[in-house]
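Everything quoted here is computed from the prediction, not taken from an experiment. Counting starts at 1 for both ligands and their atoms, following the listed order. Only heavy atoms go into these numbers, but all of them, side chains included; no hydrogens, no water, no symmetry mates.
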Amino acid sequence: MTTNTAPGLAKYPNLLAPLDLGFTTLRNRTLMGSMHTGLEEAKNGFERLAEFYAERARGGVGLIVTGGIAPNPEGAVFQGAAKMTNDDEVEKHKVITSAVHKADGKICMQILHAGRYAYSPALVAPSAIQAPINPFKPKELDEAGIEKQIEDYAVCAELAQKAGYDGVEVMGSEGYFINQFIVAHTNHRTDQWGGSYENRIRLPIEIVRRVRERVGENFILVYRLSMLDLIEDGSTWEEVVQLAKAIEKAGATIINTGIGWHEARVPTIATSVPRGAFTKVTARLKGEVSIPLVTTNRINMPDVAENILAEGDADMVSMARPFLADADLVLKAAEDRAEEINTCIGCNQACLDHTFSGKLTSCLVNPRACHETELTYVKTASPKSIGVVGAGPAGMAFASVAAERGHKVTLFDAGKEIGGQFNVAKLIPGKEEFYETLRYFRVMLEKHGVDVRLETRVSVDDLKAGNFDEVVLATGVEPRTPDIEGVDHPKVIGYLDALLERKPVGQKVAVIGAGGIGFDVSEFIVHKGTSAALDTDHFMREWGVDLTVEHRGGVQGMKAEVPEPAREVFLLQRKASKVGKNLGKTTGWIHRTSLKNRKVQMVPGVAYRKIDDEGLHITVTAKGAEQGEDRVLPVDTIILCAGQEPLRELQGGLEAAGLPVHLIGGSDVAAELDAKRAIDQGSRLASQI
Ligand SMILES: Cc1cc2nc3c(=O)[nH]c(=O)nc-3n(C[C@H](O)[C@H](O)[C@H](O)COP(=O)(O)O)c2cc1C
Ligand code: SF4
């Protein structure tokens, strides 16, 4: 794809401008950030990865970086994780490089050594200091061991070159091996590899120098540099600059930005992080080095990227998850079709959460991500007329994919807008990105000619009269009312009443049910003023981050400034386990911290006795205790977030009438706004029908 004559050039002149690296030219300023997908270790994984990357290359990405590949077994993130250490592995990687080159793309292999983050007993590190997020304690390397690690990086880069890669990225951030040498917190050595800062940065400099020596001049060498560690004892800004200059001198072609160690307690990529929140950190390095700088994190749309580049904050933008959500992001920008982009909403639900639970990476808004060879949307040879009831996530996904494939689709919904429960989710502070998914589906439904009938509650007779070949029920769920004495008291309201502001909410509130909706409702009612997700300064103050990095690591000695909560809230759950245990693996702690900061009292082990004028009567039993304690919460509002029931009232009548019926989304299995499952199920059914 050439972008220099593209219609989108007027809108995105900086983003679509080529980048001359001297020995090679990148076609535009987008870098697909490194993401380990799980395919690296899966059966036929390399063929699948080849197609995954080739689609992104065809979609116009300037430079792709693979997920982290270990330079040796001790550096592997987990036992058996992919590495590049011999000719057999070189052969496997060739299928990726040739597929990407065939699609006119360029690709670097990321070399990632996990150090003390390696989830295996063979782990090594500068010092024997265990990471707070790893049950395994690392072994301290001796000098010969360090020399071996450096040599392994150099060999790994040479093998990557042999496999046809256009370059390598040396992963020097996020608290992995190299980062562990740089920071005094994890490096207690007293030899030439520890002590002074000069000694601590000897390792990354030596790695870059030796890699460059081995691969020659005409090979891209990206170094991912931790510019903001977000841990106490992290680097200062002067140290970051010193390292960047030394890395340039050692032979790097490009410096990419790394933000936050994995053990940091500041959100860096969640949906509640403002778009492009950390780019001003990269901007500070401009002028200090002369090689191109890449900025990163939550840059999810071309206009965000264009503004960053136009401001001169960086020379390239890295987008990782946005290319899971839409392989054609660059192409759509170049063709001035940005409204057709399926935007990454930063939810982490099908990408990072999957990674951390050993599942294949995918994407909530695009279930094809990492399933390119198996989930395909091909034109149908026998178009059908299909009626879809319910325009929530499942119905929208089904309708747009089925229509894209050439079916004639009519989509009914009783509401005034498409979107179902997404229309509620978008109202939660920190979840504003859901507006983008609604925009995407609205545009797709229109583009593929779906006949959308809003404010239309259809009956079995209507559907019979429609002469549909197939009917898809995506009618979703309705809130469940728990069986508690006094549940019909006027102070009890439903979560929709609260979120849609249909009924007033008092100053003292009990939220019954601490699933995703209970958390969302609590967040909604305790928040005052603008959402921090829309205001970078506000976000940084709330999480105690100093973007100038005058404080070590950007956090040392900083205090979080959280606004006073709007209400006093009790968030209650029946189970005695930790409140919010079932929230996303990588995001649950963020929601818990946000509510805790706003003084929400989270109470597990609750039995609900009754509701009356006095308030909510409960018995609280601590984990393992035999007897509970009776309490009365003197609240003036009680909000029910106690699960949902599937809505399937049309199913029986349609089946009796002999119409082929499919159930998808919440009407199949009621689950709390399980948009991931709903979109996946809708898209898969539509790919087969
Ligand atoms: C599923 C997943 C896997 C990742 N794996 C890696 C990795 O192997 N190496 C790396 O440097 N960063 C990795 N990252 C971090 C991304 O490169 C990137 O920094 C992060 O997603 C923020 O950028 P984004 O908002 O554009 O997605 C991963 C991120 C995700 C979501
Ligand atoms: S699952 Fe969520 S965060 Fe991950 S790529 Fe998709 S939209 Fe983005």
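- Nearest heavy atom pair, residue Ile178 against residue Pro204, reads CG2-CB, 3.6 Å.
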Are any protein N/O atoms closer than 3.5 Å to the N/O atoms of ligand 1? If there are, list each pair with names and the distance to one decimal place.
unit_1: ligand 1; atom_1: 5 (N); unit_2: His36; atom_2: N; d: 3.0
unit_1: ligand 1; atom_1: 8 (O); unit_2: Ser34; atom_2: OG; d: 3.4
unit_1: ligand 1; atom_1: 8 (O); unit_2: Gly68; atom_2: N; d: 3.0
unit_1: ligand 1; atom_1: 9 (N); unit_2: Ser34; atom_2: OG; d: 2.9
unit_1: ligand 1; atom_1: 9 (N); unit_2: Gln110; atom_2: OE1; d: 2.7
unit_1: ligand 1; atom_1: 11 (O); unit_2: Gln110; atom_2: OE1; d: 3.4
unit_1: ligand 1; atom_1: 11 (O); unit_2: Gln110; atom_2: NE2; d: 2.9
unit_1: ligand 1; atom_1: 11 (O); unit_2: Arg224; atom_2: NH1; d: 2.9
unit_1: ligand 1; atom_1: 12 (N); unit_2: Ser34; atom_2: O; d: 3.4
unit_1: ligand 1; atom_1: 12 (N); unit_2: Arg224; atom_2: NH1; d: 3.3
unit_1: ligand 1; atom_1: 14 (N); unit_2: Ser34; atom_2: O; d: 3.1
unit_1: ligand 1; atom_1: 17 (O); unit_2: Ser34; atom_2: O; d: 2.6
unit_1: ligand 1; atom_1: 17 (O); unit_2: Arg224; atom_2: NH1; d: 3.2
unit_1: ligand 1; atom_1: 19 (O); unit_2: Arg224; atom_2: NH2; d: 2.7
unit_1: ligand 1; atom_1: 25 (O); unit_2: Arg298; atom_2: N; d: 2.8
unit_1: ligand 1; atom_1: 25 (O); unit_2: Arg321; atom_2: NH2; d: 2.7
unit_1: ligand 1; atom_1: 26 (O); unit_2: Ala320; atom_2: N; d: 2.8
unit_1: ligand 1; atom_1: 27 (O); unit_2: Arg321; atom_2: N; d: 2.9
unit_1: ligand 1; atom_1: 27 (O); unit_2: Arg321; atom_2: NE; d: 2.7

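- Take Asp328 and apply the salt bridge (charged side-chain N to carboxylate O under 4.0 Å, His left out) test, not counting sequence neighbours, and it matches no residue.
- Atoms of the protein (N, O or S only) found under 2.8 Å from atom 8 (Fe) of ligand 2 are Cys344 SG.
- At a threshold of 4.5 Å between non-hydrogen side-chain atoms, the residues Thr343 and Tyr440 do not count as touching.
- Ionic pairing of Asp680 and Arg684 is present here: one or more N-O contacts between side-chain nitrogen and carboxylate oxygen are shorter than 4.0 angstrom.
- Summarising the geometry of Ala532 relative to Phe539, their closest heavy-atom pair is O-CB, 3.5 Å, with the distance given to 0.1 Å.
- Taking each heavy atom of Thr268 and Val273 in turn, the nearest pair found is C-CG2, 3.7 Å.
- Annotation: cation-pi geometry satisfied between Arg368 and Tyr377 (NZ/CZ under 6.0 angstrom from ring centroid, within 45° of ring axis).
- Judged as a side chain to side chain donor-acceptor pair (under 3.5 Å), and not counting sequence neighbours, Lys92 has no contacts.
- Between Tyr176 and His113, the gap from one ring centroid to the other reaches at least 6.0 Å.
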